[in-house]
Amino acid sequence: RLGTIKIGENFTMRKYRSLLILVLLGINLVVLANFITPAAGAEEWEEGLQWYYDNLNDTQRKWIRQAFDYCIPRQQVIDGLMQGYAVPLATEVGTNIMGYDPTVQPRSYSTATALDLLTDAFGKRYDINTPDGPNTTHTKTPYFKMTLISPTTNVARTQWASMIAFALTNVGIDVELKWWNWNVIMPRLFLDPAEPTGANYEHGGYDAYFIGFGATADPDYSGQYYNESFAPAGDNSMYVERADFQDIINRSLADPDE
């Protein structure tokens, strides 16, 4: 999971500025089932994200997730699209939510850093001016393909989805961006129980999507992250399965110390 682009869409921004929590984190990236057959050659970058996620080690996967995070132009979104009515956050805990920690800050926007991380992960640097070749350290072929889904219910979100897609394209990710209504998106998020770990976009699920979450002053994130909340039975459509994370949520709900 990379994080989430979040916006409180049910509030009037100017009227409720002090209450509005706009969490600009990133995009949800779900680790999906093994649907894609491995390709043979090292230069065959045309596969989807799933193949590489299955065939890279934990450190390389971490570099990919971090690269995505560095491609989020948070401040540009805040200044240009939200007219200053937003704050950049590193987690789902907003500035007026219990447990907010100002020392935890999001990564700065840097496509250069993202490209460095992807170069480390894949062993070659994406550069459209350098011919591909088996003995070169560069490649002009994108590392992998993926589809980003943005709902049409929020104009600002569709705009920053375009900004993020552009940044990802510049670092060597072949991105297709789709704008859909929720009635088209939801079936992909909440699949049949026969698909307990979800499916990628090509198999009826999704690679990544932009979604808004709301939270109370004392938030309860169990519905989004508990194992037993896996979609379609619950709201954990990101299929997060972390016992330590679940324990942290349980303690946060029971501890009187904010």
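Not measured: the values here are computed from a predicted model.
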### Message
I'd like to know whether Arg65 forms a salt bridge (charged side-chain N to carboxylate O under 4.0 Å, His left out) with Asp69, so could you lay out the CA-CA distance, the side-chain angles of the two residues, the decisive distance to 0.1 Å, and finally the verdict.
### Response
CA-CA 7 Å; Arg65 294 195 299 269; Asp69 205 18; over 6 Å; no
### Task
Just do the salt bridge (charged side-chain N to carboxylate O under 4.0 Å, His left out) check on Asp127 and Arg125 with the steps written out, would you?
CA-CA 6 Å; Asp127 182 356; Arg125 191 171 190 84; over 6 Å; no
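Panel note: side chain Gln83, backbone Gly80; no donor-acceptor pair is recorded below 3.5 Å. Looking only at distances, a side-chain donor or acceptor of Gln60 sits under 3.5 Å from a matching main-chain atom of Asn57. With hydrogens and angles ignored, the 3.5 Å screen pairs a side-chain donor or acceptor of Arg74 with a backbone N or O of Arg107.
Between the side chains of Asn181 and Thr152, a donor-acceptor pair is found at a separation under 3.5 Å. If you check the side chains of Tyr209 and Ser237, you find a donor sitting under 3.5 Å from an acceptor. Remark: the Asp218 side chain and the Thr216 side chain contain no N/O donor-acceptor pair separated by less than 3.5 Å.
Contact annotation: the side chain of Val77 approaches that of Met82 to within less than 4.5 Å [non-hydrogen atoms, C-beta and beyond].
Taking the six-membered ring where the residue is Trp, Phe122 and Tyr143 present parallel rings, their angle staying beneath 30° rather than reaching 60°. Aromatic ring orientation, Phe245 versus Tyr225: tilted (interplanar angle from 30° to 60°).
Cation-pi geometry between Arg188 and Tyr201 is met: the NZ or CZ atom falls under 6.0 Å from the ring centre, inside 45° of the normal.
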